[in-house]
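For reference, the structure is listed below as C-alpha coordinates.
Residue numbering restarts at 1 for every chain, and letters A, B, ... go by the order of the sequence lines. Every value quoted in this text rests on a predicted model; they were computed, and no experiment measured them.
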Amino acid sequence: MIESILEQSKTQVDKASATVLVSDDPRMKRFIGEALLVGAILYLLQQYCSGFFKGLGLDDLGESHGKKARQFIKRIRKSKVTNEYLDPVKKDVEAAIQKARQQDATDLAVSKAESSVQETLVEAGVVRAQAVDIARGLSGIILGE
Amino acid sequence: MDESNHPLLHQWLSACRQLMLHHPRHGARTAGVQLGYREPDLQPGWNVISTRENSIHKELYTFIGEDEGVTTPIHPDVPSNTIHKVPTRLPDLSSTSLWKITKDLAQRLSEINKEPYSSKRIAGVMESIQKAARSDGTKIDIEAMKEWVHRSWATMRRALNECRYDKIPTGDFLKPALEVLRAYLSFELPGEIAREILAGILSTQRTLPCLGPPSMMPPRARLKAIEHLVDLVYQIDRQREKVKVTPYFELTYLAGLYCGAAISLAAHAGEVGGLSDGETIKVENLGFWVEEWFCHKVSLTFLLPANYTPGQTVRLLDANATHTGKPLKDVVDSYGLYPGLRSLLCPTSKFRPMSSSDVLRFYRNCADSSQSFDVLAAIENVYHPVASSNQEAIVRDLLTMTIGHRI
(Lines give C-alpha, C1' and ligand atoms only; values in the text may rest on other atoms or scores of the structure.)
Protein backbone atom coordinates (compact mmCIF):
# COMPACT_ATOMS: atom_id res chain seq x y z
CA MET A 1 0.00 0.00 0.00
CA ILE A 2 2.77 2.48 0.87
CA GLU A 3 4.42 2.12 -2.55
CA SER A 4 1.15 3.08 -4.21
CA ILE A 5 0.77 6.08 -1.90
CA LEU A 6 4.34 7.18 -2.63
CA GLU A 7 3.77 6.90 -6.39
CA GLN A 8 0.58 8.96 -6.16
CA SER A 9 2.30 11.51 -3.93
CA LYS A 10 5.01 12.05 -6.56
CA THR A 11 2.35 13.75 -8.67
CA GLN A 12 1.88 16.29 -5.84
CA VAL A 13 5.38 16.84 -4.47
CA ASP A 14 7.67 18.20 -7.17
CA LYS A 15 11.45 18.22 -7.14
CA ALA A 16 11.76 21.93 -6.31
CA SER A 17 9.71 21.48 -3.12
CA ALA A 18 11.49 18.24 -2.24
CA THR A 19 14.88 19.96 -2.62
CA VAL A 20 14.06 22.76 -0.20
CA LEU A 21 12.61 20.24 2.27
CA VAL A 22 15.70 18.04 2.43
CA SER A 23 18.13 20.96 2.76
CA ASP A 24 18.60 22.73 6.06
CA ASP A 25 20.82 25.41 4.53
CA PRO A 26 19.84 27.28 1.34
CA ARG A 27 23.52 27.29 0.43
CA MET A 28 23.57 23.49 0.16
CA LYS A 29 21.52 22.52 -2.87
CA ARG A 30 21.18 18.75 -3.06
CA PHE A 31 20.29 17.00 -6.31
CA ILE A 32 17.03 15.17 -5.89
CA GLY A 33 17.31 11.50 -6.77
CA GLU A 34 14.65 8.89 -6.18
CA ALA A 35 15.67 8.13 -2.58
CA LEU A 36 15.66 11.78 -1.48
CA LEU A 37 12.32 12.43 -3.20
CA VAL A 38 10.82 9.44 -1.38
CA GLY A 39 12.40 10.70 1.86
CA ALA A 40 10.79 14.13 1.41
CA ILE A 41 7.38 12.56 0.74
CA LEU A 42 7.63 10.23 3.75
CA TYR A 43 8.42 13.24 5.91
CA LEU A 44 5.30 15.06 4.69
CA LEU A 45 3.15 11.95 5.18
CA GLN A 46 4.44 11.67 8.76
CA GLN A 47 3.65 15.33 9.36
CA TYR A 48 0.19 14.81 7.90
CA CYS A 49 -0.53 11.87 10.21
CA SER A 50 0.84 13.78 13.21
CA GLY A 51 -1.55 16.69 12.57
CA PHE A 52 -4.44 14.34 11.81
CA PHE A 53 -4.14 12.46 15.13
CA LYS A 54 -3.79 15.72 17.06
CA GLY A 55 -6.97 16.97 15.37
CA LEU A 56 -8.76 13.88 16.65
CA GLY A 57 -7.59 14.63 20.17
CA LEU A 58 -5.07 11.76 20.09
CA ASP A 59 -2.32 14.10 21.20
CA ASP A 60 0.20 11.50 22.36
CA LEU A 61 -0.05 9.58 19.12
CA GLY A 62 0.18 12.79 17.11
CA GLU A 63 3.19 13.98 19.08
CA SER A 64 4.89 10.62 18.70
CA HIS A 65 4.58 10.83 14.89
CA GLY A 66 5.67 14.48 14.95
CA LYS A 67 8.80 13.51 16.89
CA LYS A 68 9.58 10.68 14.47
CA ALA A 69 9.13 13.09 11.56
CA ARG A 70 11.55 15.61 13.07
CA GLN A 71 14.15 12.91 13.75
CA PHE A 72 13.73 11.53 10.25
CA ILE A 73 14.17 14.86 8.44
CA LYS A 74 17.16 15.73 10.63
CA ARG A 75 18.80 12.50 9.58
CA ILE A 76 18.11 12.79 5.85
CA ARG A 77 19.31 16.40 5.82
CA LYS A 78 22.63 15.33 7.28
CA SER A 79 23.52 12.13 5.49
CA LYS A 80 23.10 9.98 2.43
CA VAL A 81 19.72 8.31 2.15
CA THR A 82 19.62 4.60 1.37
CA ASN A 83 16.72 2.25 0.75
CA GLU A 84 17.79 0.30 3.85
CA TYR A 85 17.21 3.41 5.90
CA LEU A 86 13.91 4.24 4.21
CA ASP A 87 12.33 0.77 4.49
CA PRO A 88 11.46 0.85 8.23
CA VAL A 89 10.20 4.43 7.86
CA LYS A 90 7.91 3.31 5.04
CA LYS A 91 6.50 0.57 7.31
CA ASP A 92 5.95 3.06 10.09
CA VAL A 93 4.19 5.56 7.80
CA GLU A 94 2.08 2.79 6.30
CA ALA A 95 0.90 1.74 9.77
CA ALA A 96 0.07 5.37 10.63
CA ILE A 97 -1.95 5.80 7.42
CA GLN A 98 -3.83 2.56 8.07
CA LYS A 99 -4.68 3.80 11.54
CA ALA A 100 -5.76 7.19 10.18
CA ARG A 101 -8.04 5.49 7.66
CA GLN A 102 -9.76 3.57 10.46
CA GLN A 103 -10.70 6.83 12.20
CA ASP A 104 -13.56 9.16 11.48
CA ALA A 105 -11.92 11.90 9.41
CA THR A 106 -13.43 14.96 11.11
CA ASP A 107 -13.07 18.41 9.56
CA LEU A 108 -10.81 19.42 12.43
CA ALA A 109 -8.51 16.41 11.93
CA VAL A 110 -8.19 17.03 8.19
CA SER A 111 -7.66 20.75 8.76
CA LYS A 112 -4.92 20.13 11.37
CA ALA A 113 -3.29 17.53 9.12
CA GLU A 114 -3.24 19.86 6.12
CA SER A 115 -2.02 22.79 8.24
CA SER A 116 0.82 20.69 9.53
CA VAL A 117 1.96 19.88 5.97
CA GLN A 118 1.44 23.47 4.77
CA GLU A 119 3.47 25.02 7.57
CA THR A 120 6.27 22.50 7.08
CA LEU A 121 6.47 23.41 3.39
CA VAL A 122 6.12 27.16 3.84
CA GLU A 123 8.80 27.18 6.52
CA ALA A 124 11.13 25.46 4.07
CA GLY A 125 10.47 28.17 1.45
CA VAL A 126 7.67 26.70 -0.66
CA VAL A 127 5.18 29.31 -1.87
CA ARG A 128 1.96 29.10 0.17
CA ALA A 129 -0.39 28.43 -2.74
CA GLN A 130 1.65 25.36 -3.66
CA ALA A 131 1.86 24.24 -0.03
CA VAL A 132 -1.96 24.38 0.14
CA ASP A 133 -2.26 22.35 -3.09
CA ILE A 134 0.23 19.73 -1.89
CA ALA A 135 -1.53 19.37 1.49
CA ARG A 136 -4.94 18.96 -0.18
CA GLY A 137 -3.47 16.49 -2.64
CA LEU A 138 -2.07 14.39 0.22
CA SER A 139 -5.50 14.44 1.91
CA GLY A 140 -7.00 12.98 -1.24
CA ILE A 141 -4.35 10.27 -1.41
CA ILE A 142 -4.34 9.33 2.29
CA LEU A 143 -8.05 9.56 2.99
CA GLY A 144 -9.24 8.75 -0.51
CA GLU A 145 -11.29 11.93 -0.81
CA MET B 1 -2.78 32.21 -34.17
CA ASP B 2 -1.28 29.36 -32.19
CA GLU B 3 2.22 28.28 -33.13
CA SER B 4 1.25 24.59 -32.93
CA ASN B 5 -0.24 25.10 -36.40
CA HIS B 6 3.05 26.48 -37.77
CA PRO B 7 5.87 23.99 -37.04
CA LEU B 8 8.58 26.22 -38.48
CA LEU B 9 7.49 29.22 -36.42
CA HIS B 10 7.09 27.06 -33.29
CA GLN B 11 10.64 25.78 -33.65
CA TRP B 12 12.09 29.22 -34.31
CA LEU B 13 10.26 30.85 -31.38
CA SER B 14 11.39 27.99 -29.12
CA ALA B 15 14.99 28.52 -30.24
CA CYS B 16 14.70 32.28 -29.56
CA ARG B 17 13.31 31.56 -26.07
CA GLN B 18 16.13 29.09 -25.37
CA LEU B 19 18.69 31.71 -26.43
CA MET B 20 17.15 34.73 -24.69
CA LEU B 21 15.92 33.09 -21.47
CA HIS B 22 19.21 34.10 -19.85
CA HIS B 23 22.06 34.84 -22.28
CA PRO B 24 22.34 33.55 -25.87
CA ARG B 25 25.74 31.92 -25.42
CA HIS B 26 24.62 30.32 -22.18
CA GLY B 27 21.44 29.01 -23.81
CA ALA B 28 23.38 27.65 -26.77
CA ARG B 29 25.91 25.93 -24.52
CA THR B 30 23.15 24.33 -22.42
CA ALA B 31 21.54 23.04 -25.60
CA GLY B 32 24.86 21.63 -26.82
CA VAL B 33 25.55 19.80 -23.57
CA GLN B 34 22.00 18.49 -23.15
CA LEU B 35 21.75 17.23 -26.70
CA GLY B 36 25.21 15.67 -26.67
CA TYR B 37 26.96 18.03 -29.12
CA ARG B 38 29.33 19.23 -26.41
CA GLU B 39 31.17 17.50 -23.60
CA PRO B 40 29.52 18.02 -20.20
CA ASP B 41 31.34 20.68 -18.21
CA LEU B 42 30.98 18.86 -14.90
CA GLN B 43 32.95 15.75 -14.07
CA PRO B 44 32.31 13.07 -11.42
CA GLY B 45 33.59 14.22 -8.02
CA TRP B 46 34.04 17.85 -6.95
CA ASN B 47 33.94 20.68 -9.50
CA VAL B 48 34.43 24.41 -9.03
CA ILE B 49 32.63 26.98 -11.18
CA SER B 50 33.64 30.65 -11.22
CA THR B 51 30.43 32.68 -11.23
CA ARG B 52 29.72 36.09 -12.75
CA GLU B 53 31.78 38.88 -11.22
CA ASN B 54 28.70 40.55 -9.68
CA SER B 55 27.35 37.33 -8.12
CA ILE B 56 27.08 36.99 -4.36
CA HIS B 57 29.36 33.94 -4.38
CA LYS B 58 32.51 34.10 -6.47
CA GLU B 59 32.72 30.33 -6.75
CA LEU B 60 30.29 27.44 -6.54
CA TYR B 61 31.30 23.87 -5.81
CA THR B 62 29.34 21.01 -7.31
CA PHE B 63 29.70 17.37 -6.34
CA ILE B 64 28.62 14.75 -8.85
CA GLY B 65 28.21 11.32 -7.25
CA GLU B 66 26.76 8.09 -8.55
CA ASP B 67 23.24 8.76 -7.31
CA GLU B 68 23.57 12.05 -5.45
CA GLY B 69 24.99 15.51 -5.81
CA VAL B 70 25.17 18.91 -4.19
CA THR B 71 26.00 22.51 -5.10
CA THR B 72 27.37 24.87 -2.47
CA PRO B 73 29.45 28.06 -2.20
CA ILE B 74 31.36 26.48 0.71
CA HIS B 75 34.76 25.02 -0.15
CA PRO B 76 34.50 21.25 0.36
CA ASP B 77 36.73 19.50 2.81
CA VAL B 78 39.02 18.08 0.12
CA PRO B 79 42.38 19.28 -1.26
CA SER B 80 41.92 22.06 -3.84
CA ASN B 81 44.02 20.20 -6.40
CA THR B 82 41.44 17.38 -6.50
CA ILE B 83 38.67 19.76 -7.55
CA HIS B 84 37.98 19.99 -11.28
CA LYS B 85 37.92 23.59 -12.52
CA VAL B 86 35.03 24.05 -14.92
CA PRO B 87 35.92 26.21 -17.95
CA THR B 88 34.02 29.50 -17.72
CA ARG B 89 34.34 30.61 -21.32
CA LEU B 90 31.09 30.30 -23.18
CA PRO B 91 31.18 29.28 -26.86
CA ASP B 92 30.92 31.95 -29.53
CA LEU B 93 27.31 32.02 -30.62
CA SER B 94 28.18 31.59 -34.29
CA SER B 95 29.93 28.28 -33.59
CA THR B 96 26.97 26.64 -31.87
CA SER B 97 24.49 24.18 -33.35
CA LEU B 98 21.52 26.00 -31.87
CA TRP B 99 22.45 29.28 -33.53
CA LYS B 100 22.93 27.53 -36.89
CA ILE B 101 19.47 25.98 -36.53
CA THR B 102 17.96 29.33 -35.48
CA LYS B 103 19.51 31.12 -38.46
CA ASP B 104 18.26 28.49 -40.87
CA LEU B 105 14.74 28.67 -39.44
CA ALA B 106 14.81 32.48 -39.57
CA GLN B 107 15.83 32.36 -43.22
CA ARG B 108 12.99 29.99 -44.11
CA LEU B 109 10.45 32.00 -42.14
CA SER B 110 11.61 35.26 -43.75
CA GLU B 111 10.93 33.76 -47.16
CA ILE B 112 7.34 33.10 -46.06
CA ASN B 113 7.22 36.70 -44.74
CA LYS B 114 3.80 36.38 -43.15
CA GLU B 115 2.41 38.68 -40.43
CA PRO B 116 2.74 38.89 -37.49
CA TYR B 117 6.23 37.47 -38.17
CA SER B 118 7.32 39.55 -41.13
CA SER B 119 10.88 39.25 -42.46
CA LYS B 120 11.61 42.65 -40.88
CA ARG B 121 10.47 41.50 -37.45
CA ILE B 122 12.44 38.26 -37.73
CA ALA B 123 15.57 40.19 -38.73
CA GLY B 124 15.06 42.47 -35.71
CA VAL B 125 14.89 39.53 -33.32
CA MET B 126 17.98 37.89 -34.83
CA GLU B 127 19.85 41.16 -34.48
CA SER B 128 18.80 41.47 -30.81
CA ILE B 129 20.06 37.95 -30.10
CA GLN B 130 23.41 38.68 -31.74
CA LYS B 131 23.68 41.97 -29.85
CA ALA B 132 23.00 40.20 -26.53
CA ALA B 133 25.61 37.57 -27.42
CA ARG B 134 28.37 40.19 -27.78
CA SER B 135 28.99 40.17 -24.04
CA ASP B 136 30.90 37.10 -22.89
CA GLY B 137 28.23 36.03 -20.38
CA THR B 138 30.60 36.13 -17.39
CA LYS B 139 29.41 39.59 -16.35
CA ILE B 140 26.34 41.67 -17.01
CA ASP B 141 26.44 43.99 -20.00
CA ILE B 142 26.31 47.22 -17.99
CA GLU B 143 26.05 49.46 -21.07
CA ALA B 144 22.94 47.63 -22.30
CA MET B 145 21.47 47.92 -18.81
CA LYS B 146 22.26 51.63 -18.47
CA GLU B 147 20.31 52.49 -21.61
CA TRP B 148 17.18 50.82 -20.19
CA VAL B 149 17.66 52.12 -16.67
CA HIS B 150 17.93 55.71 -17.96
CA ARG B 151 14.87 55.28 -20.16
CA SER B 152 12.81 53.80 -17.29
CA TRP B 153 13.98 56.43 -14.84
CA ALA B 154 13.10 59.23 -17.29
CA THR B 155 9.57 57.79 -17.73
CA MET B 156 9.05 57.62 -13.98
CA ARG B 157 10.47 61.14 -13.53
CA ARG B 158 8.09 62.49 -16.21
CA ALA B 159 5.19 60.79 -14.43
CA LEU B 160 6.25 62.42 -11.16
CA ASN B 161 6.23 65.84 -12.81
CA GLU B 162 2.57 65.27 -13.63
CA CYS B 163 1.91 65.49 -9.90
CA ARG B 164 2.47 69.23 -10.22
CA TYR B 165 -0.66 69.44 -12.34
CA ASP B 166 -3.06 67.72 -9.95
CA LYS B 167 -2.68 64.35 -11.66
CA ILE B 168 -1.98 61.02 -10.00
CA PRO B 169 -0.02 59.33 -12.77
CA THR B 170 -0.01 55.79 -11.41
CA GLY B 171 -0.30 54.13 -14.83
CA ASP B 172 2.59 56.07 -16.33
CA PHE B 173 4.67 55.53 -13.23
CA LEU B 174 4.19 51.75 -13.38
CA LYS B 175 4.71 51.60 -17.15
CA PRO B 176 8.51 50.98 -17.22
CA ALA B 177 8.15 47.58 -15.54
CA LEU B 178 5.63 46.54 -18.19
CA GLU B 179 7.90 47.86 -20.94
CA VAL B 180 10.71 45.63 -19.71
CA LEU B 181 8.37 42.63 -19.78
CA ARG B 182 7.24 43.47 -23.31
CA ALA B 183 10.85 43.86 -24.47
CA TYR B 184 11.83 40.54 -22.92
CA LEU B 185 8.83 38.69 -24.36
CA SER B 186 9.57 40.05 -27.82
CA PHE B 187 13.27 39.10 -27.54
CA GLU B 188 14.59 42.68 -27.42
CA LEU B 189 16.21 41.99 -24.04
CA PRO B 190 17.87 38.82 -22.76
CA GLY B 191 16.71 37.45 -19.41
CA GLU B 192 19.98 38.20 -17.60
CA ILE B 193 19.51 41.94 -18.25
CA ALA B 194 15.70 42.06 -18.06
CA ARG B 195 15.65 40.48 -14.59
CA GLU B 196 18.12 43.01 -13.19
CA ILE B 197 16.30 45.97 -14.74
CA LEU B 198 12.93 44.68 -13.53
CA ALA B 199 14.28 44.16 -10.01
CA GLY B 200 15.78 47.67 -10.16
CA ILE B 201 12.53 49.29 -11.30
CA LEU B 202 10.45 47.45 -8.69
CA SER B 203 12.89 48.74 -6.06
CA THR B 204 13.23 52.33 -7.28
CA GLN B 205 9.43 52.71 -7.51
CA ARG B 206 9.30 52.38 -3.76
CA THR B 207 11.79 55.16 -3.03
CA LEU B 208 9.40 58.08 -3.59
CA PRO B 209 9.64 61.00 -3.56
CA CYS B 210 13.31 60.91 -4.52
CA LEU B 211 13.50 57.96 -7.00
CA GLY B 212 16.64 56.73 -5.33
CA PRO B 213 18.83 53.69 -5.96
CA PRO B 214 17.39 50.15 -5.44
CA SER B 215 19.16 49.86 -2.08
CA MET B 216 16.83 52.60 -0.73
CA MET B 217 13.74 50.40 -1.12
CA PRO B 218 12.17 49.76 2.30
CA PRO B 219 13.23 46.20 3.29
CA ARG B 220 9.67 45.00 3.92
CA ALA B 221 8.51 46.37 0.57
CA ARG B 222 11.29 44.27 -0.98
CA LEU B 223 10.07 41.22 0.92
CA LYS B 224 6.54 41.85 -0.42
CA ALA B 225 7.92 42.18 -3.95
CA ILE B 226 9.72 38.83 -3.64
CA GLU B 227 6.65 37.10 -2.18
CA HIS B 228 4.51 38.51 -4.97
CA LEU B 229 6.85 37.34 -7.74
CA VAL B 230 7.15 33.80 -6.36
CA ASP B 231 3.36 33.65 -5.97
CA LEU B 232 3.03 34.66 -9.62
CA VAL B 233 5.52 32.00 -10.67
CA TYR B 234 3.32 29.33 -9.10
CA GLN B 235 0.07 30.83 -10.45
CA ILE B 236 1.59 30.94 -13.92
CA ASP B 237 2.62 27.30 -13.63
CA ARG B 238 -0.95 26.28 -12.82
CA GLN B 239 -2.39 28.39 -15.63
CA ARG B 240 0.00 27.11 -18.28
CA GLU B 241 -1.32 23.56 -17.88
CA LYS B 242 -4.67 24.62 -19.37
CA VAL B 243 -3.68 26.70 -22.38
CA LYS B 244 -2.68 26.40 -26.03
CA VAL B 245 0.91 25.94 -27.17
CA THR B 246 1.88 29.62 -27.66
CA PRO B 247 0.68 30.78 -24.23
CA TYR B 248 2.16 27.65 -22.62
CA PHE B 249 5.62 28.59 -23.81
CA GLU B 250 5.13 32.34 -23.34
CA LEU B 251 3.96 31.81 -19.76
CA THR B 252 6.93 29.56 -19.04
CA TYR B 253 9.25 32.18 -20.53
CA LEU B 254 7.57 34.89 -18.41
CA ALA B 255 7.91 32.71 -15.30
CA GLY B 256 11.64 32.52 -16.09
CA LEU B 257 11.89 36.30 -15.86
CA TYR B 258 9.88 36.49 -12.63
CA CYS B 259 12.11 33.79 -11.12
CA GLY B 260 15.18 35.80 -12.12
CA ALA B 261 13.82 39.08 -10.73
CA ALA B 262 12.86 37.37 -7.45
CA ILE B 263 16.37 35.90 -7.18
CA SER B 264 17.91 39.35 -7.81
CA LEU B 265 15.67 40.98 -5.19
CA ALA B 266 16.52 38.22 -2.71
CA ALA B 267 20.20 38.95 -3.34
CA HIS B 268 19.58 42.70 -2.76
CA ALA B 269 17.79 41.83 0.50
CA GLY B 270 20.84 39.88 1.67
CA GLU B 271 23.15 42.80 0.87
CA VAL B 272 21.00 45.62 2.26
CA GLY B 273 19.65 43.93 5.40
CA GLY B 274 17.06 45.68 7.56
CA LEU B 275 14.85 42.63 8.05
CA SER B 276 14.28 40.61 11.20
CA ASP B 277 16.06 37.24 11.51
CA GLY B 278 12.83 35.42 10.67
CA GLU B 279 12.22 37.58 7.60
CA THR B 280 15.82 37.14 6.45
CA ILE B 281 15.45 33.35 6.64
CA LYS B 282 12.17 33.62 4.78
CA VAL B 283 13.81 35.58 1.96
CA GLU B 284 16.67 33.08 1.75
CA ASN B 285 14.26 30.16 1.62
CA LEU B 286 12.02 31.78 -1.00
CA GLY B 287 15.12 32.54 -3.07
CA PHE B 288 16.16 28.92 -2.73
CA TRP B 289 12.73 27.62 -3.77
CA VAL B 290 12.49 29.91 -6.79
CA GLU B 291 15.98 28.97 -7.98
CA GLU B 292 15.01 25.31 -7.77
CA TRP B 293 11.73 26.04 -9.52
CA PHE B 294 13.58 27.70 -12.38
CA CYS B 295 15.93 24.71 -12.72
CA HIS B 296 13.17 22.09 -12.68
CA LYS B 297 10.31 23.85 -14.45
CA VAL B 298 11.73 26.45 -16.80
CA SER B 299 15.36 26.01 -17.78
CA LEU B 300 14.99 23.12 -20.25
CA THR B 301 11.43 23.72 -21.50
CA PHE B 302 12.42 25.30 -24.84
CA LEU B 303 15.26 22.96 -25.66
CA LEU B 304 13.39 20.10 -27.34
CA PRO B 305 10.87 22.13 -29.36
CA ALA B 306 13.80 24.25 -30.57
CA ASN B 307 15.53 21.19 -31.95
CA TYR B 308 12.95 18.51 -32.67
CA THR B 309 9.46 17.95 -34.00
CA PRO B 310 6.87 16.59 -31.54
CA GLY B 311 7.23 13.12 -33.08
CA GLN B 312 11.03 13.16 -32.68
CA THR B 313 10.65 14.48 -29.13
CA VAL B 314 8.49 11.62 -27.81
CA ARG B 315 10.76 9.01 -29.42
CA LEU B 316 13.88 10.69 -28.08
CA LEU B 317 12.56 10.86 -24.50
CA ASP B 318 11.34 7.26 -24.59
CA ALA B 319 14.77 6.13 -25.82
CA ASN B 320 16.49 8.32 -23.22
CA ALA B 321 14.50 6.72 -20.38
CA THR B 322 15.29 3.23 -21.68
CA HIS B 323 18.97 4.05 -22.10
CA THR B 324 19.46 5.69 -18.71
CA GLY B 325 17.08 3.42 -16.75
CA LYS B 326 15.34 6.51 -15.35
CA PRO B 327 11.54 6.51 -14.94
CA LEU B 328 9.99 7.98 -18.10
CA LYS B 329 8.01 10.46 -15.98
CA ASP B 330 11.24 11.90 -14.52
CA VAL B 331 12.74 12.31 -17.98
CA VAL B 332 9.57 13.93 -19.31
CA ASP B 333 9.21 16.25 -16.29
CA SER B 334 12.75 17.54 -16.60
CA TYR B 335 12.02 18.87 -20.11
CA GLY B 336 8.75 20.67 -19.25
CA LEU B 337 6.84 19.03 -22.09
CA TYR B 338 3.58 20.59 -23.28
CA PRO B 339 0.75 18.72 -21.46
CA GLY B 340 -0.72 17.31 -24.68
CA LEU B 341 2.58 15.79 -25.70
CA ARG B 342 3.24 14.64 -22.15
CA SER B 343 0.01 12.63 -22.24
CA LEU B 344 1.50 10.53 -25.05
CA LEU B 345 4.28 9.38 -22.70
CA CYS B 346 2.82 9.45 -19.18
CA PRO B 347 1.50 7.55 -17.35
CA THR B 348 2.06 5.04 -20.20
CA SER B 349 3.56 5.34 -23.65
CA LYS B 350 0.83 5.64 -26.24
CA PHE B 351 2.80 7.03 -29.17
CA ARG B 352 4.48 3.83 -30.42
CA PRO B 353 1.93 2.90 -33.08
CA MET B 354 1.74 6.54 -34.22
CA SER B 355 3.64 8.03 -37.14
CA SER B 356 5.35 11.42 -36.76
CA SER B 357 2.48 13.11 -38.57
CA ASP B 358 0.00 11.37 -36.23
CA VAL B 359 1.91 12.79 -33.25
CA LEU B 360 1.88 16.26 -34.80
CA ARG B 361 -1.87 16.00 -35.44
CA PHE B 362 -2.42 14.88 -31.86
CA TYR B 363 -0.30 17.82 -30.62
CA ARG B 364 -2.37 20.27 -32.64
CA ASN B 365 -5.64 18.72 -31.51
CA CYS B 366 -4.58 19.03 -27.88
CA ALA B 367 -3.67 22.67 -28.45
CA ASP B 368 -6.95 23.35 -30.30
CA SER B 369 -8.99 21.94 -27.43
CA SER B 370 -7.10 24.01 -24.84
CA GLN B 371 -7.86 27.55 -23.70
CA SER B 372 -6.75 30.64 -25.57
CA PHE B 373 -4.82 32.97 -23.30
CA ASP B 374 -3.51 36.49 -23.90
CA VAL B 375 -0.29 36.71 -21.91
CA LEU B 376 0.28 40.45 -22.43
CA ALA B 377 -3.25 41.26 -21.25
CA ALA B 378 -2.78 38.97 -18.24
CA ILE B 379 0.43 40.80 -17.31
CA GLU B 380 -1.49 44.07 -17.04
CA ASN B 381 -4.09 42.44 -14.81
CA VAL B 382 -3.52 39.21 -12.94
CA TYR B 383 0.22 38.79 -13.46
CA HIS B 384 1.27 42.40 -12.89
CA PRO B 385 4.85 42.42 -11.54
CA VAL B 386 4.15 45.05 -8.87
CA ALA B 387 2.77 43.62 -5.62
CA SER B 388 -0.63 45.06 -4.65
CA SER B 389 0.70 46.35 -1.31
CA ASN B 390 3.52 48.13 -3.16
CA GLN B 391 1.07 49.51 -5.73
CA GLU B 392 -1.06 50.90 -2.90
CA ALA B 393 1.97 52.51 -1.30
CA ILE B 394 3.00 54.04 -4.65
CA VAL B 395 -0.50 55.50 -5.16
CA ARG B 396 -0.39 56.89 -1.62
CA ASP B 397 3.02 58.45 -2.22
CA LEU B 398 1.94 59.96 -5.54
CA LEU B 399 -1.21 61.33 -3.94
CA THR B 400 0.86 62.88 -1.14
CA MET B 401 3.11 64.51 -3.72
CA THR B 402 0.13 65.87 -5.67
CA ILE B 403 -1.41 67.34 -2.55
CA GLY B 404 1.98 68.69 -1.50
CA HIS B 405 2.35 70.55 -4.80
CA ARG B 406 -1.15 72.00 -4.45
CA ILE B 407 -0.36 73.30 -0.96
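Only the backbone of A/Ala124 comes within less than 4.5 Å of a heavy atom in chain B; its side chain stays farther off. The part of B/Phe63 that comes within reach of chain A is its backbone (N, CA, C, O), which places non-hydrogen atoms under 4.5 angstrom from that chain. Proximity to chain A involves both the backbone and the side chain of B/Leu286, based on heavy atoms less than 4.5 angstrom apart. In this structure, chain A has a heavy atom under 4.5 Å from the side chain of B/Glu291, while its backbone stays farther away. Contacts of B/Ser334 with chain A are absent, with no heavy-atom separation under 4.5 Å from either backbone or side chain. Of the atoms belonging to B/Lys329, it is side-chain heavy atoms, and not backbone ones, that fall under 4.5 Å from chain A.
Residues A/Leu21 and A/Leu44 are in side-chain contact: their nearest non-hydrogen atoms beyond the backbone lie under 4.5 Å apart.
Of the listed residues A/Lys15, A/Lys10, A/Gln130, the one with more heavy-atom pairs under 4.5 angstrom with chain B than any other is A/Gln130. Per-residue heavy-atom pair counts under 4.5 Å with chain A were compared for B/Val70, B/Ile64, B/Thr72, B/Asp231, and the maximum is reached by B/Val70.
Under the 30°/60° scheme for interplanar angles, the aromatic rings of B/Tyr61 and B/His75 are found to be tilted.
A/Ser115 and A/Tyr48 share no donor-acceptor pair across their side chains, judged by distance under 3.5 Å alone.
Between B/Tyr338 and B/Tyr248, a ring centre-to-centre spacing shorter than 6.0 Å is recorded.
Atoms OG1 and NE2, from B/Thr301 and B/His296 in turn, are 12.0 Å apart once rounded to the nearest 0.5 Å.
We find that B/Arg220 and B/Glu279 are joined by a salt bridge, their nearest charged nitrogen and carboxylate oxygen being less than 4.0 Å apart.
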